[in-house]
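Input: a single structure, listed below in structure tokens.
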Amino acid sequence: MCGIIGIYGIGEKKEQYRQRALCMAKHIRHRGPDWSGIYSDEHAVLCHERLAIVDPTSGAQPLIDTKTGSILAVNGEIYNHLELRKKLKQDHDWQTKSDCEIILYLYDEYGPKCVEMLSGIFAFVLYDKKHRELFVARDHMGICPLYWGWDEQGVLHVASEMKALDAYCCKIEEFEPGSYYHK
């Protein structure tokens with residue numbers, strides 16, 4: 001299983017939160033020995049520790065939608081990704097053969113309701129850079145673990161394992177199976 005880290009609402013301390021995300025990622029590195037990736041800007045940081053199963057040569061994450069700028073980090077597998085490609089109405093700049101890339105383009109066309117179309121096991125963080133929105137979701141069975149917490153400044157942190165949040169968050173909760181958060 002892969003590992004994901006997300007921090008949202010960082011404001012002026014972008015370098016501090018980027019370094020924090022890298023430290024958090026060290027706690028989940030065992031989940032993804034094949035690749036480590038990071039995206040950061042003045043609002044969000046997303047990290048991904050990858051275990052390459054589907055598309056081992058070009059499925060590195062975080063994935064970035066070249067048209068909208070949305071960024072995605074996923075732990076899981078989308079079983080119906082090939083069928084979902086047929087439901088897309090627009091052309092998209094596919095960069096991989098990864099089953100998870102479909103989430104970026106479904107979100108672009110269907111918004112948060114796209115999660116209802118997904119069949120699989122997953123936990124993901126999608127940062128919509130254009131609208132400065134965060135979309136977090138977890139499969140209905142809760143197969144892929146996901147936790148979220150808030151630091152003393154109220155900055156949201158998301159991680160595949162609770163231990164990545166322990167040193168930074170004063171409040172930590174399990175992200176409930178079958179739920180999503182959109183802000």
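Residue indices begin at 1 and follow the sequence shown.
Using a 4.0 Å cut-off between a side-chain N of Lys or Arg and a carboxylate O of Asp or Glu, Arg20 and Asp151 qualify as a salt bridge. Salt-bridge annotation for Glu174 and Arg138: present, with a side-chain N of the basic residue lying under 4.0 Å from a carboxylate O of the acidic one. With salt bridges taken as basic N to acidic carboxylate O contacts below 4.0 Å, none links Glu15 and Lys13.
Of the possible donor and acceptor atoms, none in the side chain of Asn75 sits under 3.5 Å from a partner among the backbone N and O of Cys144. Within the 3.5 Å criterion, the main-chain N or O of Leu46 finds no donor-acceptor partner in the side chain of His48. Using a distance-only test at 3.5 Å, with no hydrogens or angles considered, no donor-acceptor pair links the side chain of Glu173 to the main chain of Gly149. Remark: the backbone N or O of Ile121 is not paired with any side-chain donor or acceptor of Asp139 at under 3.5 angstrom.
Applying the 6.0 Å contact sphere to CD of Gln90 captures more than 12 heavy atoms from other residues, nucleotides or ligands. Dense packing is recorded around CD of Gln16, with more than 12 heavy atoms of other residues, nucleotides or ligands lying under 6.0 Å away.
Side chains of Asp128 and Tyr107: a donor on one and an acceptor on the other come within 3.5 Å. There is no side-chain donor-acceptor pair under 3.5 Å between Asn80 and Ser119. Side-chain N/O atoms of Asp41 and Tyr127 include a donor and acceptor closer than 3.5 Å. Using modelled atom types and a 3.5 Å distance limit, the side chains of Glu49 and His27 yield no donor-acceptor pair. Between Tyr168 and Asp166, the side chains place no donor N or O within less than 3.5 Å of an acceptor N or O (distance only, hydrogens not considered).
No option in Glu101, Arg85, Lys67, Glu109 other than Glu109 meets the side chain to side chain donor-acceptor pair (under 3.5 Å) test with His92.
The six-membered or imidazole ring of Phe135 lies away from that of Tyr181, with a centre-to-centre distance of 6.0 Å or more.
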